[in-house]
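Working notes, beginning with the structure itself.
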Amino acid sequence: MKLPVYLDYQATTPTDPRVVAAMLPFFTEEFGNPHATNHDYGRRAEEAVGAGRLAVANLIGADPKEIIFTSGATEANNLALTGCVEAHRDGKNHLVVSQTEHSSVLEVCRLLEDKGCQVTYLPVGENGLIDVARLGAAIGPRTLLLSVMAVNNEIGVIQPLKEIGAICRESGVLLHTDAAQAVGKIPIDVNAMGVHLLSLSSHKMYGPKGIGALYVRRRPRVRLRAQIVGGGQERGLRSGTVPTPLVVGLGEACILAAKNMVEESVRVRQLRDRFFDTVHASLPDVFLNGDPTQRIPGNINLGFPQVDGLELIKSLDHVALSAGSACTAARPGSSHVLRAIGADDARARSSIRVGIGRFTSEAEIDFAACAIIRRVQELRSCSVRHQVGAVEVQTVHGN
């Protein structure tokens, strides 16, 4: 068993060796520019990009012409929100987003507010799920777009996109979803869900870093204003040479996900339950953040009362996990997601995120669970000794 054990699959996934094998020829052999189609090198690269686009489209039930390649989900989120607002000058300048969105949605919304947009930040319940009725009530005559994360990156809950899409369709509102944590892990069908814009990321699904995509519905057509201009690539929505090796890698990752999703979900869910049952048997006061059933198989966000989560993580020499989003790890303060579900500072600080994935083994799960149990018990014992010592000092001084 390789140490440290990696349990941070929501932050990133290792690139699948089959994905790497598919990419390699496009670095040294088929290195043509996919936009230089006046010779064989360029045409073969163009064909490879087309195959990658088709694989992405098939995974989410889209048309290949609706797939716009980006550098990742963060850029896709920026293009979806800012591009949509800038393309609509018809008086609709109201957005509705959930409070538990990724920072690449929330920070874009704050910038758009500075430019005159109105944004409603929709609360979620203690389980992390949106109240669909409350969402409907937030939509008004000037509402242009609603953005709801398909799967939360910290607590793993799955939002009811199909119900949300039906409300948007009835209200004439565009629906965007940040699906970086969903695509490849749970079934996604943009037509059945009524989605107009969808962001995804390759490195969250065993593909290479540096590539993602934005799905942009064509019928009815969603209008966007490009945020990167200069070459006219990607239907004029995202200029720049498309990186053929990365597109090939993303495409292969999508093909593998579509082929293995059901079997992989069952195996990962069993590992997740094995981990929780082991920890809970020794630490019965451990609690779960987020809905216990409406969540992806590979996520489990746990709180350990009387323990600082970051201290726990840093003290685990042979287990790699996190306290929340990798994108906000360097920022002070407790998780905005945990605060949104009603967690106070103590509960938020005591929580850690465990991400389980394709290459996690039973041996690694057992090792990590035992290591966490042992370290939590040591930290609690140390805390008790400090408290007893403090009381004794106060007693001596008091006499």
Side-chain angles (χ1 to χ4, degrees), residues 60-63 66 68 73 76-102 104-125 127-152 157-183 186-200 214-225 237 291 294 340:
I60 63 173
D63 185 291
E66 297 174 312
I68 306 300
N77 288 340
N78 275 256
L79 175 57
L81 273 66
T82 304
C84 190
V85 167
E86 292 184 352
H88 290 79
R89 304 294 185 183
D90 53 6
K92 287 192 171 184
N93 67 343
H94 176 233
L95 308 180
V96 179
V97 302
S98 79
Q99 292 179 353
T100 54
E101 293 300 303
H102 188 269
S104 61
V105 167
L106 295 177
E107 292 190 18
V108 170
C109 286
R110 293 185 185 107
L111 290 175
L112 291 173
E113 284 182 298
D114 291 340
K115 296 179 181 180
C117 285
Q118 292 185 334
V119 182
T120 297
Y121 297 93
L122 201 67
V124 296
N127 59 359
L129 297 175
I130 283 178
D131 183 330
V132 177
R134 192 167 186 174
L135 179 149
I139 295 174
R142 294 191 302 106
T143 305
L144 170 64
L145 179 140
L146 187 148
S147 184
V148 175
M149 210 174 195
V151 170
N152 187 267
V157 297
I158 304 170
Q159 298 292 352
L161 279 186
K162 190 172 183 179
E163 296 176 53
I164 294 170
I167 292 174
C168 289
R169 192 160 44 241
E170 293 172 5
S171 306
V173 172
L174 299 176
L175 173 59
H176 166 256
T177 183
D178 176 354
Q181 298 287 349
V183 173
I186 61 173
I188 296 289
D189 187 322
V190 290
N191 291 302
M193 293 174 168
V195 173
H196 298 89
L197 296 155
L198 178 146
S199 304
L200 62 89
L214 177 66
Y215 158 77
V216 183
R217 180 175 289 278
R218 298 183 76 213
R219 294 185 178 87
R221 176 172 170 257
V222 175
R223 290 185 290 123
L224 295 179
R225 182 176 178 180
L237 291 176
D291 193 272
Q294 285 294 108

Problem - Pairwise side-chain contact, Ile186 with Ile158, heavy-atom cut-off 4.5 Å (strictly under) - result: yes

Handout entry: Leu81 and Val105: CA distance, side-chain angles, deciding distance, side-chain contact (heavy atoms from CB on, under 4.5 Å) verdict
Key = CA-CA 8 Å; Leu81 273 66; Val105 167; 3.9 Å; yes

Handout entry: Where Leu145 and Ala80 come nearest, the two heavy atoms and their spacing
Key = CD1-O, 4.4 Å

Exercise for the section: Output the distance between atom NE2 (His196) and atom OH (Tyr215), rounded to the nearest 0.5 Å. Expected result: 8.0 Å

Exercise for the section: Apply the test side-chain contact (heavy atoms from CB on, under 4.5 Å) to residues Leu197 and Thr177: give CA-CA distance (whole Å), side-chain angles for both, the deciding distance (0.1 Å), then the verdict. Expected result: CA-CA 6 Å; Leu197 296 155; Thr177 183; over 6 Å; no

Fill in the blank from the handout: Contacts of Thr120 meeting side-chain hydrogen bond (donor to acceptor under 3.5 Å, both in side chains) (sequence neighbours excluded), chain-then-number -> His94

Exercise for the section: Given side-chain contact (heavy atoms from CB on, under 4.5 Å), test His102 with Gln181 step by step and report yes or no. Expected result: CA-CA 11 Å; His102 188 269; Gln181 298 287 349; over 6 Å; no

Handout entry: Euclidean distance, Leu95 CG relative to Ser147 OG, rounded to 0.5 Å
Key = 8.5 Å

Fill in the blank from the handout: Smallest heavy-atom separation, Glu113 atom then Val119 atom, equals CG-CG2, 3.5 Å

Practice task
Supply the atom-to-atom distance Lys162 NZ to Met193 CE, rounded to the nearest 0.5 angstrom.
Solution key: 8.5 Å

Exercise for the section: Enter the distance from Asn191:CG to Arg219:CZ here, rounded to the nearest 0.5 Å. Expected result: 11.5 Å

Problem - Nearest non-hydrogen partners of Gln99 and Ala340, listed with the distance - result: OE1-CB, 4.0 Å

Handout entry: Arg218, CZ: over 12 other non-hydrogen atoms inside 6.0 angstrom
Key = yes

Problem - Contacts of type side chain to side chain contact (heavy atoms under 4.5 Å, CB included), residue Asn127, not counting sequence neighbours - result: Leu129, Asp291

Practice task
Indicate yes or no: at least one non-hydrogen side-chain atom of Arg134 is less than 4.5 angstrom from one of Pro123.
Solution key: yes

Handout entry: From Asn152, Ile130, Leu122, Leu106, residue fulfilling side-chain contact (heavy atoms from CB on, under 4.5 Å) relative to Thr100
Key = Asn152

Exercise for the section: Taking all non-hydrogen atoms of both residues into account, name the closest pair between Leu224 and Leu79 and its distance. Expected result: CD2-O, 4.0 Å

Handout entry: side chain to side chain contact (heavy atoms under 4.5 Å, CB included) involving Arg169 - partner list, sequence neighbours excluded
Key = Ala166

Fill in the blank from the handout: Nearest heavy-atom contact between Ala138 and Thr143 is O-OG1, 4.2 Å

Exercise for the section: List in chain and number order the residues that pass side chain to side chain contact (heavy atoms under 4.5 Å, CB included) with Pro187, two or more places apart in sequence or in another chain; answer none if no residue qualifies. Expected result: Met261

Exercise for the section: Would you please name every residue forming a side chain to side chain contact (heavy atoms under 4.5 Å, CB included) with Leu146, sequence neighbours left out? Expected result: Val96, Leu135, Ile139, Val148, Ile164, Cys168, Val173, Leu175

Practice task
With sequence neighbours excluded, tell me which residues meet side-chain hydrogen bond (donor to acceptor under 3.5 Å, both in side chains) with Arg142.
Solution key: Asn93, Gln118

Exercise for the section: Working to the nearest 0.5 Å, report the span between CG of Asp114 and CZ of Arg110. Expected result: 10.5 Å

Completion exercise
For Gln159, the side-chain hydrogen bond (donor to acceptor under 3.5 Å, both in side chains) test, sequence neighbours excluded, returns none

Problem - CA sep, side-chain torsions, deciding dist, call: Arg225, Leu237, side-chain contact (heavy atoms from CB on, under 4.5 Å) - result: CA-CA 7 Å; Arg225 182 176 178 180; Leu237 291 176; over 6 Å; no

Handout entry: Which residues share a side-chain hydrogen bond (donor to acceptor under 3.5 Å, both in side chains) with Asn77, sequence neighbours left out
Key = Ser104, His176, Asp178, Ser199

